[in-house]
2 protein chains.
Amino acid sequence: MAARPTISDVAEASHVSISTVSLVMNGKGPVAEATRQRVQAAADRLGYAPSRSARGLAARRTGNVGFVLREDHFRQSEPFYTRVFLGAEFEARRRGLYVLLSTVPDPYVPGEHAPRFLTEHSVDGVVVAGGVDGALIEQLRDRAIPHVLADFAWDDAPQVSIDNRGGAFAVAAHVVERGHQRVAFLGADPTHPSPNARRDAFAEAMRDAGRPIPDGLLVTDDGPSDRATGARAGSALLDRDPADRPTAVFCANDALALGLLDAARDRGLRVPEDLAVVGFDDVEGAALAFPPLTTVHVHKERLGEAALGVLAEGVETADASIPDATLIPTQLVVRESS
Amino acid sequence: MAARPTISDVAEASHVSISTVSLVMNGKGPVAEATRQRVQAAADRLGYAPSRSARGLAARRTGNVGFVLREDHFRQSEPFYTRVFLGAEFEARRRGLYVLLSTVPDPYVPGEHAPRFLTEHSVDGVVVAGGVDGALIEQLRDRAIPHVLADFAWDDAPQVSIDNRGGAFAVAAHVVERGHQRVAFLGADPTHPSPNARRDAFAEAMRDAGRPIPDGLLVTDDGPSDRATGARAGSALLDRDPADRPTAVFCANDALALGLLDAARDRGLRVPEDLAVVGFDDVEGAALAFPPLTTVHVHKERLGEAALGVLAEGVETADASIPDATLIPTQLVVRESS
DNA sequence: TTGAAAGCGCTACCAT
DNA sequence: ATGGTAGCGCTTTCAA
């Protein structure tokens with residue numbers, strides 16, 4: 001196998017200097033159209049691709065971005081953040097960047113758990129997906145590593161978020177239209193802003209609709225937002241006196257909703273006749289649930305794309321122009337559980 | 001913020017040449033213990049971390065490995081390959097490598113879908129997880145990029161696989177012990193070696209046990225190994241004449257088994273009384289299924305670790321010494337569906 | 001519009 | 001056991 005072609009090979013083949021080849025490859029500077037084409041042709045013919053290492057060394061930019069998320073989020077049954085990652089990777093590819101994925105434990109000890117690429121400065125910026133220990137974000141800030149949070153918030157760090165408010169309002173309109181009088185909200189993981197935002201917006205919308213949610217039916221569990229929590233906290237809701245048991249429950253995410261469905265089934269309750277259930281996120285399992293779950297669709301890939309885009313713009317323009325917040329729209333998907 | 005320290009800073013601070021610092025940082029060559037410690041101390045004090053780019057450029061190794069899997073495998077509801085990736089990432093971290101994750105579509109067109117890091121030569125080797133288009137593997141071979149397949153096989157490419165045979169034998173022993181006389185096997189995705197290996201081993205074991213599986217009960221669907229296929233192909237199995245409807249079904253993976261549970265529920269069959277169901281993989285959802293699924297546990301992280309380990313060894317020793325095959329053990333987990 | 005040349009920070013070879 | 005030094009392949013002034 002011939003050795004990998006270098007910029008000099010291309011320069012030689014197209015009878016120009018390596019400087020010119022560099023300009024062409026980066027689409028910079030003023031280059032005569034004829035020259036550009038000749039160089040490009042030679043590069044294509046030789047199968048030339050610039051060396052990342054050399055480029056990184058000379059330009060002081062690595063061309064890598066980090067993507068960090070909490071380990072338990074990555075392992076969780078429904079691939080929410082996996083899809084956020086896919087979106088980020090897609091956008092990175094478009095921009096010629098590589099994504100280094102790393103998970104961090106919770107709690108996070110900066111000195112011990114820091115992703116290698118942080119300590120080694122081998123990324124130009126970092127996307128943080130979902131809730132993580134604030135220590136990580138502060139470490140990023142202290143080291144002056146550009147970062148964007150996707151579906152999370154911390155101090156005034158730049159973020160890209162889901163339109164939780166819009167989704168919650170749509171759900172409220174839906175349950176009101178269905179005529180439900182006793183409606184509950186079930187949330188969890190109070191350290192994450194999304195469940196709380198959904199709760200507050202939902203409570204507000206129901207109040208606006210003249211059906212304020214009584215205190216006892218507005219529950220936020222301390223556990224993680226997973227199916228087990230949904231089953232447990234949901235059970236408490238369903239075991240209330242039948243007279244004030246809710247006829248509809250809006251869960252802060254699909255995992256909780258699936259757990260609630262488990263609890264309903266255990267009690268022989270029919271869904272949606274005896275109990276309407278609505279989730280949030282629209283994960284894969286929502287449509288496969290029994291019955292298929294009414295939920296708020298979140299475009300996860302787009303969230304990742306947006307986060308990476310915002311980060312990349314900030315890194316390229318090298319100023320502090322990372323916008324404070326970007327909102328990814330949501331959409332109610334009515335299936336059979338409500 | 002002070003500029004990032006370089007090797008020269010460390011050399012200066014510890015009164016040695018940069019060559020010596022390099023040796024120390026790489027744990028190579030003969031260096032006096034006193035010198036080593038002095039250098040190390042200076043490096044720590046300055047917060048020095050070698051530049052990846054410079055190192056890669058000089059050493060002609062990038063320190064990156066690629067991790068490729070099919071896009072639909074990555075998005076799928078149960079995070080099987082996600083966990084394989086976690087294992088690989090863990091092992092990579094131990095070895096000071098970065099992992100670049102990329103998905104490829106299926107079918108795969110080499111010229112069009114090749115992960116960037118392949119064409120840009122920015123990885124030292126690649127782990128391929130799960131079934132992918134053979135064209136990808138041939139491209140790897142043609143470009144002489146070291147690679148290891150995890151849970152897949154193609155020609156004589158080095159691979160790390162699951163002990164499908166051992167798992168299938170354990171399942172056979174289990175259903176025989178439970179006294180089942182009419183047992184079926186349900187597989188899918190015939191292009192992947194694992195379902196087929198599970199089928200063949202299971203058939204062999206049942207034959208050995210004097211309960212050969214009749215042809216009609218040994219089904220391999222052409223569809224993907226997912227829940228929808230399980231429901232569809234499972235329905236066909238359950239709609240057979242009651243006289244020869246199976247009393248137990250071993251599914252090639254958990255997704256199929258969950259689909260079969262859906263089909264059984266639709267028909268009002270009780271599990272395990274009317275129908276015993278056994279899966280394979282032990283994904284998150286298996287324990288949460290209704291009823292909890294008996295299945296064969298696969299240590300997914302270990303699969304990833306092993307694949308990365310094998311790859312790294314091969315890359316480091318730079319010879320063709322990548323072993324042909326490594327086997328990751330499995331274990332039967334009996335829950336309530338059988 | 002193009003070219004020459006000076007690094008970027010490191011590894012590895014050859015001296016000493 | 002340690003140091004000097006020549007690149008690795010590229011970007012980026014600065015000149016022409």
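Just so we're on the same page: letters track the sequence lines, and every chain starts at 1.
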* Asked: Are any of the side-chain heavy atoms of Arg38(B) and Val16(B) separated by less than 4.5 Å?
  -> yes
* To the nearest Å, give me how far apart CG (Asp9(A)) and P (dC10(D)) are. => 9 Å
* Is any side-chain N of the basic residue among Glu89(A) and Arg83(A) closer than 4.0 Å to the acidic one's carboxylate O? -> no
* To do: Name the residue closer to the 5' end of DNA chain D, choosing between Leu57(B) and Val31(B) according to the nucleotide with the nearest heavy atom.
  => Val31(B)
* Evaluate the ring planes of Phe85(A) and Phe74(B), with Trp represented by its six-membered ring, and classify them as parallel (under 30°), tilted (30 to 60°) or perpendicular (over 60°). => perpendicular
* Asked: Should Thr20(A) be listed as having a side-chain N or O under 4.0 Å from OP1 or OP2 of dT1(C)?
  -> no
* Quick one: is Arg60(B) getting a side-chain N or O under 4.0 Å of the dC8(D) phosphate, OP1 or OP2? -> no
* Nucleotide nearest Ser51(B) when distance is taken to its side chain, options dT12(D), dG3(D), dG9(C) -> dG9(C)
* Is any side-chain nitrogen or oxygen of Ser22(A) closer than 4.0 Å to OP1 or OP2 of dT11(D)? -> yes
* Asked: Ser19(A) has a side chain; which of dA4(C), dC10(D), dC10(C) sits nearest to it?
  -> dA4(C)
* How many Å lie between CD1 on Ile18(A) and P on dC8(D), as a whole number? -> 12 Å
* Asked: Is it true that the side chains of Gln76(A) and Asp72(A) contain a donor and an acceptor less than 3.5 Å apart?
  -> no
Could you list the donor-acceptor pairs under 3.5 angstrom formed between side-chain atoms of residues 45-53 of chain B and any protein atom two or more places apart in sequence or on another chain?
| from | atom 1 | to | atom 2 | distance (Å) |
| --- | --- | --- | --- | --- |
| Ser51(B) | OG | Ser53(B) | N | 3.3 |
| Ser51(B) | OG | Ala54(B) | N | 3.0 |
| Arg52(B) | NE | Glu120(A) | OE1 | 3.2 |
| Arg52(B) | NH1 | Gly63(B) | O | 3.3 |
| Arg52(B) | NH2 | Glu120(A) | OE1 | 3.3 |
| Arg52(B) | NH2 | Gly96(B) | O | 2.7 |

* Roughly how far, to the nearest 0.5 Å, is CD1 of Ile162(A) from CD1 of Ile328(A)? -> 8.5 Å
* Asked: Distance check: side-chain N/O of Lys28(B) vs OP1/OP2 of dA12(C), anything under 4.0 Å?
  -> yes
* **Candidate nucleotides dG3(D), dT11(D), dG9(C), ranked by approach to the side chain of Ala58(A) - the nearest** => dT11(D)
* Residues from residues 41-50 of chain B lying under 4.0 Å of DNA chain C - heavy atoms -> Tyr48(B), Pro50(B)
* Residues two or more places apart in sequence or in another chain: which of them pass side-chain hydrogen bond (donor to acceptor under 3.5 Å, both in side chains) with Glu91(A)? -> Arg94(A), Arg95(A)
* Structure fact -> Picking from dT2(D), dT2(C), dG3(C), the nucleotide nearest the side-chain atoms of Leu23(B) would be dT2(D)
